[in-house]
Structure formats: C-alpha cells, structure tokens
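First comes the structure, then the notes that go with it.
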Amino acid sequence: MTTNSIHGMWSSRLMFILAASGSAVGLGNIWRFPYVAGENGGGAFVMVYLVCIFLIGIPIMVSEIIIGRSARKSPINAMAAAASKSAVSMKWQLVGWMGVVAGFMILSFYAVIAGWVLSYVFQLGSGVFTDSSSELAEGIFSNFVGNVWEVLAWFTIFLVSTILITARGVSSGLEVAVKYLMPILFCLLIALVIYSATTSGHFMEGANFLFSLNFEKLTWNSILVAMGQAFFTLSLGMGAIMAYGAYMPKDASVIGTATTIALMDTGVALMSGLVIFPLVFANGLESAAGPGLMFITLPLAFGQMAGGQLFGCIFFVLVAFAAITSAISLIEPAIAWIVEKQKTSRHTAALTVGGCVWLLGLGSVFSTNIWSDVFIFDDMTFLDSMDYFTNNIILPLGGIFIAVFAGWVLSNKILDNELMHDGRYYPIWKFLCRFIAPVGVSVVFIMALLQGK
Ligand code: PHE
C-alpha cells in the first residue's frame, strides 16, 4: 500500500538521500565540528563522536524515518498517529512538540552564524584577506561580529531567504539546491584538503590532533559535547529527519539509506577538520579559538593561495547553501504541522514561524556585541547557551524518546512493513535502539551532571 503526503513527495530514493544529506551537512560539519573538537582537545573527542554517530546516531535516524514514513505527516502528528496505531498514550506526541521548540531555538542562532558566512562571501571577494596575517584575520573577525547592525542585517537576509524557499514547498525549493550545489561543495572541500596537505607544512600535526587518542583530555562534559555534536550534525532528535521521512518513497531500504547519509556527513566533517587544523598549526593559532575558528583560519588560507579571492568567495557561497538546506529542515516540522492543523497555506505558515525565529534570534545577534558580557550559564553568552542547551540536552533527550518509542513501543506491524527491505540488519537496529542508544545517552547525561563542567 502506498500513500502520499499532502506536502508533496521526493521524486526518488536518491532525492531523499540528497535532501536528508542537505539537512545533515551544514554549519554543524564545517563550522561547529572543528571548533568543538578544538575546544575539547581533538583525538579522543573525535573518537567518541564517531562511536556516537554509528551506535546511536544511525539507529535513531532509522527510527525517525520509520515513524515519519509510516504516518506521512508532520512530526507532531506522525508521533500521534504512530502512538494511536500502536495503542499507546497520545502523550508521545509531546516528543514532536519538543522537536518543534528545539528547531526554533536552533535556527535562531544557526541563522546568525549563517549570516556571518554570508558577510564573509563579500569580505573574501573584496580581497581584504590577501596576504593577511593571523592578527589581521582575527581583527577583521572581531570587528565584524562587534558591529550589531551588520550582524543583524546578514542574519535577517539569511532568515528571509530560508523562509522564501520553505514557503515554495520542500521539493521545488530544495531539490535544485542539493542536486547541484552539494556535489560542488564536496569537490571544493577535497581540493582544500589537498591544498592543506601539500602547502601548510603542518598536515601531520593537524591529522594527529584529530586522530591521536589522548584519553586524558576527555571529561564527561566533553563526552556529552561529542554526543551532542553527533545529534546535531545528523539533524537528529528534533524531527527534521522524521519530517523528511514523511516524503520518502516506500520502496527504499531505510537502514542502507540512513547509513549512506551518515557516512557522507561524517566525511564532510572530517575533511573540514583536516583543512582547518593544519592551518591552525601553520599559523600559530589557538585550536580552542571557539566559534570564530573557521572565520579566522579559512580566510587566512584563501588569502595566501593563488586565486584565493575567487575560491574563497565561492567556498563561502557553498557553505551558505549548505546552511540554507539545513535551515529549511529545522523549520519544516513546524511549518508542516501548521499547514495540517490550521489548513493555512505554506506561505502564511512560513512567515509566522520566520517571525518568531527572528525575534528569538536577536539574543544571538547581540551576543557578540551589545550583550557580549551578558552571561546566561557560567561564562556562556546567549548564543553559546542556546547552542549548548539545544545540542547537548534537548536533541539527545528527544533522541532517547524516539529510540525508545521505535524500539519498544511501535507496533511490529509498522516495523515489519517499514523495514521489509532491511533483512538481516533489522535485529541489529532493534538491539541498538532498545538498549545501546537509550542507555548510552542516559549514562552520559548522568555522568556529565555528576562531574560538573
Ligand atoms: N545538521 C545540521 C548541520 O550540521 C544542523 C541541523 C540540526 C539541521 C538539527 C536540522 C536539525 O549543520
């Protein structure tokens, strides 16, 4: 039996893979992965991150696809439908609600960082980084983020673009962007890895930093951050993949598809690390520089390479596209739900959601300028706190609920039907979902809480 979603369908399994990778690959890979790996000492952190991707991330991604595809509705209604078909409490739809809230919170700071990226397209294009020094690159970055009006303007431009594309409908807006731009981004990244390997003179140092197992640097908090990064980078725990799963054709293997997406995503993150860390060491920069890391290292490298003005500009354009394809998936759960519930058009829904996200985003816009000394938790600004709280707490929590729901609650009829192309991997998935994911996430939560920061 095949049913379709009222929001449209992906034209093929490949299209689903592209769209879900479009969601997964974004600032999380190119901006966030290197900077959190740097702050947490590299090596062992990266190892924990990889373990989380494979043992926890992939099973949860499969669960999200199954729930979304079996119901063909927005996450909130999909959870409700799956709960009702499995004859359990309708309270399970709260998981969908939690995801919608997380999506708003994440997009509110995500769009600010994407705004920085947009501004860098022009800064690189203007040639200010040609032959620049690390002091100059650091100066340009702190001047820019210190200027509230500029940051606000770029944030607004990015958010408006996201809303315009989302309003057009997921497939017509997105299919084009992911089909052409993602592969180009991939190729440019490979070229940058080669550049960094051949010219920085510090490639091995960078690779060592990323892959040597320095377990003494690992704390429970950094394990929590590695796990949070795994959720964030795969777009898990808040319904983005569930929403996209609702538009996925029925005849595709779910586990194979999820694994492909995870591998691609991980590839992009590791490549970004291999580009950035050799540059960090070659230029005597600080590996724990925080959120500005990519905005200081990459322009420096482009400034030194032949044709760097043009390549740098193109590279940041592609990062902006990667960010937009992720941003779209952050609000799709909310928009699809409003359309289903209120019977309004996608346009109205997109505008409403966009307005709320814009307001919330002001806090993150101000975090690097007029509110730069306002701290919410510890030494974290508004932006840092939103980022920490959503990625390290809400997403893993949402993930546990989804794993438990798919592994223990969802009726066998739905599971058998959804996983009929997955044969021998089915029991492995079930084991990971029932035991490893929930227990793993809970242990990390509890230990991080007990140990403190
Ligand atoms: N995965 C995206 C990235 O790495 C961010 C994202 C998180 C998108 C959660 C959707 C949901 O940039």
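If you read the sequence from its start, that first residue is 1, and numbering goes on from there. Note that ligands are numbered from 1 as they come in the structure, with each ligand's atoms numbered from 1 the same way. Remember, it's a predicted structure, so these values are computed and weren't measured experimentally. Below, each value reflects all heavy atoms present in this structure, side chains not excepted, and no hydrogens, waters or symmetry copies.
Note on ligand 1: Phe231 sits outside its first shell, no heavy atom being nearer than 4.0 Å.
By the 3.5 Å distance cut-off applied to N or O atoms, Ala24 is counted among the residues near ligand 1. Polar contact with ligand 1: absent for Leu236 (N/O pair, distance under 3.5 Å). Looking at Phe232 next to ligand 1, an N or O pair under 3.5 Å apart turns up. The N/O atoms of Leu234, backbone and side chain alike, include none that comes under 3.5 Å of an N/O atom in ligand 1.
If you number the atoms of ligand 1 from 1 as listed, the ones under 4.0 Å from a heavy atom of Leu27 come out as 12 (O). Every atom of ligand 1 with a heavy atom of Gly28 under 4.0 Å away is listed here by number and element: 3 (C), 4 (O), 12 (O). For ligand 1, the atoms closer than 4.0 angstrom to any heavy atom of Met238 are 11 (C). The contact set between ligand 1 and Ser23, taken as ligand atoms under 4.0 Å from a residue heavy atom, comprises 1 (N), 2 (C), 8 (C), 10 (C).
Inter-residue side-chain proximity for Phe302 and Leu192 is flagged as met; some heavy-atom pair is nearer than 4.5 Å.
Ranking protein heavy atoms by distance to atom 12 (O) of ligand 1, first place goes to Tyr110 OH, 2.5 Å. Atom 9 (C) of ligand 1 has as its closest protein heavy atom Ser235 CA, 3.5 Å.
Of the N and O atoms on the side chains of Ser272 and Asn29, not one donor lies less than 3.5 Å from an acceptor on the other residue. At a cut-off of 3.5 Å, with distance as the only test, no side-chain donor of Trp371 or Thr381 sits close to an acceptor on the other residue. Between the side chains of Ser329 and Ser326, not a single donor N or O lies within less than 3.5 Å of an accepting N or O.
Contact annotation: for Arg32 versus ligand 1, there are no heavy atoms closer than 4.0 Å. Residue Ser329 touches ligand 1 through its side chain alone, judged by heavy-atom distances below 4.0 Å.
In this structure, Glu39 does not pair ionically with Arg32, as no charged nitrogen and carboxylate oxygen lie closer than 4.0 Å.
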- request: Give the intermediate values and the outcome of side chain to side chain donor-acceptor pair (under 3.5 Å) for residues Gln123 and Ser119.
  value: CA-CA 6 Å; Gln123 307 222 37; Ser119 140; 3.2 Å; yes
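Between Tyr120 and Phe295, the two ring planes are perpendicular [angle over 60°; tilted spans 30° to 60°].
Each of Phe122, Trp116, Phe144 was checked for a ring pair (Phe, Tyr, Trp, His ring centres under 6.0 Å) with Trp154, and the lone residue meeting it is Phe122.
No donor-acceptor pair closer than 3.5 Å links the side chain of Arg168 to the backbone N or O of His347.
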